[in-house]
Amino acid sequence: MAAAGPAPLLPAEAEALVRALQSTELRDTGGWLRQHECVEKLNMHAILSASAGQEQLLTELLVTYAKIPVLIGELISVEIWKHKIFPVLCRLEDFKPRSTFPIYVVLHHEASIINLLETVFFHKEICESAEDSILDLIDYCHRKLTLLAARSANGQSPEEAQGGLPELQKQAEMMEFEISLKALSVLRFITDQVESLPLSALTRMLNTHNLPCLLVELVEHCPWSCREAGKLKKFENGVWHVVPPEDQVKMTKLDGQVWLALLNLLLSPECQRKYHFDGFNKSQLLKLRAFLTDILMDQLPNLVEMQRFLSHLAVTEPAPPKKDLILEQVPIIWDHILKKNTGKWEAIAKHQVKCVFSPTEEELKLQARRWAQTYSLDMMEALAPDKPRCRVCGAEAAKRCSRCRNEWYCTRACQVQHWQKHKAACNLMAGAPRSVDDP
């Protein structure tokens with residue numbers, strides 16, 4: 001391994017990528033395929049820069065060129081594509097793609113954008129530069145957290161995919177869970193700035209969506225934690241892992257995000273003035289007292305203030321919220337896209353099948369090579385939080401496919417077992433002839 005890890009982008013490279021970010025029409029999925037490369041490079045740059053404490057450049061570029069509203073618009077556009085057009089694609093009987101790779105890239109585009117926003121929204125100036133689109137982002141986060149709460153409350157697990165493209169449908173469902181967790185982090189960063197948010201944003205969080213009660217549900221049901229065969233498992237860094245007994249009371253990063261968001265929303269004087277502490281909301285919030293143990297407060301001392309607030313809330317009747325006479329802004333991105341495309345979903349899907357999702361073999365190879373360059377091995381190893389895991393059994397892996405260099409295995413037996421599934425992608429990434437039959 002090299003002595004120094006991969007360096008972030010040069011300033012001129014980062015500026016060119018930021019300037020290349022553009023709003024894309026829902027019909028023009030090919031624009032997402034082209035733009036996804038920019039977003040992924042900026043994503044990796046943001047993570048490496050944040051690790052080195054040098055993220056100021058990217059923050060300034062995104063603010064200077066007003067690209068945060070563009071990213072939020074793209075985020076919601078891909079979300080609508082997933083809900084309205086992707087199911088139509090899966091039902092088309094005559095759609096038998098040579099490769100599902102281009103569709104996967106579109107599905108992954110939403111994950112890449114929310115990951116980039118999670119990395120940069122820590123900064124106050126980024127939150128402020130979102131301007132009116134912050135309302136659309138709040139609505140987006142609310143939709144994701146509602147799905148997350150419903151999934152955990154119902155004990156929902158990924159369903160067996162029906163119809164065409166079943167493997168891709170399963171991947172999309174798994175990706176949705178991770179995207180929702182990223183949305184939780186973004187929402188927490190937004191609540192960090194409650195003092196500087198427009199009044200419409202506060203009203204939307206507290207009263208329109210009642211986020212405090214939604215966050216209480218997440219504390220209760222903890223969707224990133226489950227019990228399987230008598231063992232506690234938690235979802236961290238993109239994987240489920242068994243938690244040893246001595247670590248079961250440790251607060252995870254996701255637990256912390258929920259509690260910090262609650263602290264921001266409940267203890268801010270402005271939020272207390274606007275929130276309606278009626279009988280239902282009060283009873284929901286008081287459920288938090290059962291979770292405020294000494295062990296938890298030792299890990300996040302600020303929760304002592306939360307405990308005091310809840311003790312006071314239990315014995316008082318807060319005044320009704322003061323209503324300000326203001327013209328309230330409303331989010332427009334979601335409604336604008338729906339109004340423009342309602343009734344056209346099937347036509348858009350068929351257009352995309354013809355123009356975007358049926359590439360020739362040469363186009364696929366060219367696309368794959370571009371992605372191989374974007375996801376360089378040194379870069380991916382620098383970003384990976386843990387050692388590589390076997391693609392088959394999940395054990396720690398030391399062997400890598402020698403042709404495409406993209407899959408890891410613990411033993412030769414696992415590599416051979418996975419070859420039939422891996423062969424098509426391996427041939428594509430390596431640019432090798434299709435007649436190769438052995439790993």
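FYI, side chains are in, hydrogens and waters are out, and symmetry mates aren't considered; it's all heavy atoms of this structure.
- Note: Y140 OH to I114 CD1 = 4.5 Å, rounded to the nearest 0.5 Å.
- Here the straight-line distance linking atom CG of N302 with atom CG of L300 works out to 5.5 Å at 0.5 Å rounding.
- One finds the OG1 atom of T59 at 5.0 Å from the CD1 atom of I126 (value rounded to the nearest 0.5 Å).
- Atom NE2 in H83 sits 10.5 Å away from atom CG in L338 (nearest 0.5 Å).
- The number of heavy atoms from other shown groups lying within 6.0 Å of CZ (R391) does not exceed 12.
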*Given the rule in the salt bridge (Lys or Arg N to Asp or Glu O under 4.0 Å) test, do K182 and E178 qualify, once you have shown the distances and angles that lead to the verdict?*
CA-CA 6 Å; K182 297 289 183 184; E178 295 190 47; over 6 Å; no
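- Applying the side-chain contact (heavy atoms from CB on, under 4.5 Å) rule to S402 yields no partners; only residues at least two apart in sequence or on another chain are considered.
- Using bins of under 30°, 30° to 60° and over 60° for the plane-to-plane angle, the ring pair H418/H422 lands in the parallel bin.
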*Going through the checks in order, is the side chain to side chain contact (heavy atoms under 4.5 Å, CB included) test met by E195 and S268?*
CA-CA 8 Å; E195 303 300 333; S268 159; 3.2 Å; yes
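- With no hydrogens or angles considered, no side-chain donor-acceptor pair links Q417 and Y409 at under 3.5 Å.
- Between I80 and W345 the shortest side-chain heavy-atom distance falls below 4.5 Å.
- Around atom NZ of K282, more than 12 heavy atoms belonging to other residues, nucleotides or ligands sit under 6.0 Å away.
- Remark: S196 OG to Q193 CD distance equals 5.0 Å, nearest 0.5 Å.
- Q272 approaches F277 most closely through the heavy-atom pair O-CE1, 3.9 Å.
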*Dump the intermediate steps for side-chain hydrogen bond (donor to acceptor under 3.5 Å, both in side chains) on W81 and Q352, then the final yes or no.*
CA-CA 11 Å; W81 182 90; Q352 292 177 350; 2.9 Å; yes
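- Taking every heavy atom of both residues into account, P212 and M205 meet most closely at CD-O, 4.1 Å.
- A heavy-atom distance below 4.5 Å is found between the side chains of L117 and I68.
- In this structure, the ring-ring contact (aromatic ring centres under 6.0 Å, His included) partners of F235, at least two apart in sequence or on a different chain, are F177, W240.
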*Between K84 and N341, does a side chain to side chain contact (heavy atoms under 4.5 Å, CB included) hold up when you go through it step by step?*
CA-CA 10 Å; K84 298 293 186 179; N341 297 284; over 6 Å; no
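- More than 12 heavy atoms of other residues, nucleotides or ligands shown are found within 6.0 angstrom of CG on L286.
- Within a 6.0 Å sphere centred on CD of E246, heavy atoms belonging to other residues, nucleotides or ligands number more than 12.
- Of all heavy-atom pairs between K67 and Q22, the closest is NZ-NE2, 3.8 Å.
- Here the side chains of P331 and R204 are in contact, with some heavy-atom distance below 4.5 Å.
- Residues I190 and L197 come closest through the heavy atom pair O-CD1, 3.7 Å.
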*asked:* As a quick check of understanding, evaluate side chain to side chain contact (heavy atoms under 4.5 Å, CB included) for K233 and V243, giving each step before the final call.
replied: CA-CA 6 Å; K233 297 180 77 174; V243 183; 5.9 Å; no
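- Side-chain atoms of N210 and H276 include no donor-acceptor pair closer than 3.5 Å.
- For the side-chain hydrogen bond (donor to acceptor under 3.5 Å, both in side chains) criterion with S112, the lone passing option out of E110, H108, H109 is H108.
- W32 and E74 share a side-chain donor-acceptor pair at under 3.5 Å.
- Around atom CZ of F309, more than 12 heavy atoms belonging to other residues, nucleotides or ligands sit under 6.0 Å away.
- Contact check on K253 versus E236 returns no salt bridge, with no Lys/Arg side-chain nitrogen under 4.0 Å from an Asp/Glu carboxylate oxygen.
- Figure legend: R188 and W259 shown without cation-pi pairing, the cationic atom not lying both under 6.0 angstrom from the six-membered ring centre and within 45 degrees of its axis.
- Between K41 and E13, no side-chain nitrogen of the basic residue sits less than 4.0 Å from a carboxylate oxygen of the acidic one, so the salt-bridge criterion is not met.
- Between atom CG of residue L254 and atom CG of residue L181 there is a gap of 5.0 Å, rounded to the nearest 0.5 Å.
- The pair E270-R273 meets the salt-bridge criterion, with a side-chain N (NZ, NE, NH1 or NH2) lying under 4.0 Å from an Asp/Glu carboxylate O.
- Within 6.0 Å of atom NE2 in H336, 12 or fewer heavy atoms from other residues, nucleotides or ligands are found, so the atom counts as exposed in its surroundings.
- Taking the side-chain contact (heavy atoms from CB on, under 4.5 Å) definition, one finds that D132 meets it with Q329, sequence neighbours left out.
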*Go through D255 and T252 one step at a time and tell me if the side-chain hydrogen bond (donor to acceptor under 3.5 Å, both in side chains) criterion holds.*
CA-CA 5 Å; D255 295 323; T252 66; 2.9 Å; yes
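- Considering every non-hydrogen atom in both M297 and L292, the closest pair reads CE-O, 3.6 Å.
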